[in-house]
Amino acid sequence: MGFRKDFLWGGATAANQMEGAWDLDGKGPSVPDMCTNGSHTVPKRVTPEFEEGTLYPSHEAIDFYHRYEEDIALMAEMGFRCFRLSIAWTRIYPTGMEETPNEAGLAFYDKVFDCCRKHGIEPLVTISHYEMPYALVRKYNGWEGREVIACFERYCHTIFERYKDKVKYWLTFNEINSGTLKMGAILNTGTIRGFCGSTAEVPDDRQSRYQALHHMFVASARAVKYAHEHYPQFKIGCMTLMGSCYPLTPDPDDMLLAQQTMNNINWYTSDVQVRGAYPYYAKRFWKDNGLHIAMEPGDEEDLKQGKVDFFSFSYYMTVCVAAKAGDARVSGNLLGGYANPYLKTSDWGWQIDPKGLRWTLNEVYARYGVPVMVVENGLGAKDVLEPDGSIHDSYRIDYLRQHIEQMREAVEDGVDLMGYTPWGCIDLVSATTGEMAKRYGMIYVEKYDDGTGSLARRRKDSFFWYQKVIRTNGEDLS
Ligand code: BGP
């Protein structure tokens with residue numbers, strides 16, 4: 001037993017949090033390009049027009065655009081077999097609406113994938129990771145507009161054909177279920193036309209988000225179906241933000257609420273993407289919340305024909321839910337909840353729960369029975385750069401070790417686990433706060449919250465530890 005021989009060990013990133021070069025070589029602005037920096041206490045803001053003197057962290061990010069060779073070489077040195085990255089839609093179609101793609105953008109990813117291949121690294125490509133062309137927000141209110149499905153299909157056809165010999169593993173949308181949450185309007189559905197303000201102030205317009213999600217389901221299914229027909233070698237997965245939740249008490253009301261939350265937040269999107277149809281509980285959920293989802297003839301058939309090949313998810317934490325208010329709350333990876341008295345939290349208040357990962361893996365596999373991959377996991381923490389250039393991040397090693405141990409348990413339980421790509425293997429911009437101070441990497445980047453820094457890369461202690469883990473295929477976690 002243990003991890004399979006071809007286990008995809010690696011790390012995960014996203015274009016808008018890493019590349020920089022936000023307006024180079026024909027790239028258009030995406031939603032995150034319109035977002036300012038924030039912090040744990042001050043929310044980031046969306047500005048429909050750029051403000052003079054304001055810092056927009058995605059504009060330079062960690063400048064992967066110019067440093068990808070060095071970065072991929074460092075990943076290769078760690079022994080990566082897989083590198084999860086995303087393509088910036090706006091490099092290929094700057095507004096999302098062009099008829100022909102931007103050759104300079106396509107050429108950039110040719111170089112990146114060739115570099116991965118040179119090092120024997122399998123790219124895992126997220127087609128849309130928390131960015132959409134801002135022009136589509138202005139014109140269609142993001143994914144609420146049905147027209148965006150065709151824009152996305154054109155984008156998918158272009159990149160599938162261009163990279164068919166370089167990329168085998170794909171994910172359609174990052175954390176698609178974040179569209180069920182308020183903050184998902186900015187990160188995911190793009191349903192923020194005309195909105196100007198902080199992430200805390202974004203309106204909770206469920207109707208537009210759930211309509212947008214329907215369009216994303218159809219778009220994803222059509223992309224999967226097209227890929228299966230034209231590129232049978234591809235493996236395409238869905239990607240869920242796993243907000244696993246426990247009932248705070250054995251009160252039956254808490255039990256029911258935990259089940260409903262799992263259904264409505266976590267499974268709502270993956271049931272569609274893995275099983276090819278809306279789940280049985282959707283109708284009641286729409287009714288109870290006054291939601292009306294406009295569908296066209298053919299949509300159901302598309303969903304049925306566009307089932308994904310594998311299930312992937314991000315896992316950082318768990319929360320408790322309680323029917324009666326009053327207990328201590330914790331923040332979290334978009335989904336907050338009640339504090340679990342058995343768990344500790346990270347510096348950013350996210351509850352650390354390695355055993356919850358084993359529980360989650362078993363839940364997922366029992367539900368779907370398709371191969372599973374953990375494509376994000378990790379500890380966002382403040383690191384100290386020592387004068388000699390070292391970074392002693394034993395806390396990160398502890399976090400990763402405990403989670404890998406539990407993944408191994410899940411494999412022993414019988415879960416078909418394909419791989420593990422911890423988040424932000426190289427330090428990058430935080431998605432929720434826009435900070436650099438919240439670091440996840442095994443590779444440190446000298447870049448700071450005020451936008452300064454040499455951008456030099458350094459190996460943290462976790463770099464050498466993870467190198468050993470990969471070398472021993474997860475046997476030696478010491
Ligand atoms: C996930 C996103 C990533 C990422 C990560 C960590 O929700 O898919 O893009 O950033 O969470 O979150 P944060 O950057 O806010 O710490």
Side-chain angles (χ1 to χ4, degrees), residues 11-19 30-33 35-44 57-58 61-62 64 83-89 124-132 171-189 198-200 237-244 265-266 269 312-319 330-336 345-352 357 373-383 396 399-400 403 421-441 445 447 449:
T13 59
N16 78 83
Q17 293 169 258
M18 163 172 80
E19 287 178 0
S30 63
V31 173
D33 292 330
C35 292
T36 71
N37 62 339
S39 72
H40 185 25
T41 46
V42 181
K44 66 179 194 179
S58 73
I62 60 160
F64 176 82
F83 174 32
R84 177 177 174 228
L85 72 169
S86 70
I87 293 178
W89 187 347
L124 165 61
V125 173
T126 318
I127 298 172
S128 180
H129 188 130
Y130 281 178
E131 47 83 38
M132 76 183 304
L171 304 172
T172 50
F173 293 103
N174 179 62
E175 295 189 337
I176 186 168
N177 59 317
S178 65
T180 65
L181 306 167
K182 190 162 95 106
M183 174 81 163
I186 298 173
L187 293 173
N188 185 15
T189 56
S198 81
T199 51
C238 60
M239 197 305 200
T240 294
L241 179 175
M242 193 48 80
S244 292
I265 305 290
N266 294 297
T269 52
S312 81
F313 65 99
S314 60
Y315 179 87
Y316 293 91
M317 57 175 301
T318 55
V319 292
V330 285
S331 60
N333 189 16
L334 306 188
L335 178 72
T345 59
S346 75
D347 291 349
W348 270 260
W350 296 14
Q351 295 190 138
I352 300 171
L357 177 55
M373 185 157 173
V374 179
V375 295
E376 284 187 33
N377 170 237
L379 181 70
K382 291 192 181 106
D383 289 334
R396 182 168 294 108
Y399 179 102
L400 295 170
H403 285 79
T421 53
W423 174 250
C425 48
I426 180 166
D427 291 346
L428 36 63
V429 176
S430 158
T432 48
T433 68
E435 288 164 290
M436 276 305 301
K438 190 180 190 190
R439 296 174 183 273
Y440 288 87
V445 179
K447 173 84 194 268
D449 283 343

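The figures that follow rest on heavy atoms only: side chains count, while hydrogens, waters and symmetry mates do not. When a ligand or atom number is given, it counts from 1 through the structure's own listing order. For the single chain, residues carry numbers from 1 onward in sequence order.
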Legend entry - Approximate separation, where rounding is to 0.5 Å, of Gln17 CD and Leu428 CG: 5.5 Å
Answer yes or no: does an N/O atom from [X] fall short of 3.5 Å to an N/O atom of ligand 1?
X      : result
Trp350 : no
Ala431 : yes
Thr433 : no

Which ligand 1 atoms are under 4.0 Å away from a heavy-atom of [X]?
X      : answer
Tyr316 : 5 (C), 6 (C), 11 (O)
Thr432 : 13 (P), 15 (O)
Lys438 : 13 (P), 15 (O), 16 (O)

In terms of side-chain geometry, is the basic nitrogen of [X] or [Y] positioned less than 4.0 Å from the acidic oxygen of its partner?
X      : Y      : value
Arg439 : Asp427 : yes
Arg84  : Glu376 : yes
Arg396 : Asp383 : yes

Inset, instruction - Mind checking whether Ser430 contacts ligand 1 via backbone (N, CA, C, O), side chain (CB onward), both or neither, at a 4.0 Å heavy-atom cut-off? - result: both
Legend entry - For ligand 1, the portion of Leu241 having any non-hydrogen atom under 4.0 Å away: neither
Legend entry - Parallel, tilted or perpendicular: rings of Tyr316 and Tyr440 (30°, 60°): perpendicular
Legend entry - is_close_aromatic(His403, Trp423), centroid dist under 6.0 Å: no
Inset, instruction - Could you establish whether His129 and ligand 1 come within less than 4.0 Å of each other, counting only heavy atoms on the residue side? - result: yes
Legend entry - Selection from Tyr440, Trp423, Tyr130 by shortest heavy-atom distance to atom 4 (C) of ligand 1: Trp423
Inset, instruction - State, to 0.1 Å, how close Thr13 and Ile426 come at their nearest heavy-atom pair, and which atoms those are. - result: CG2-CG2, 4.1 Å
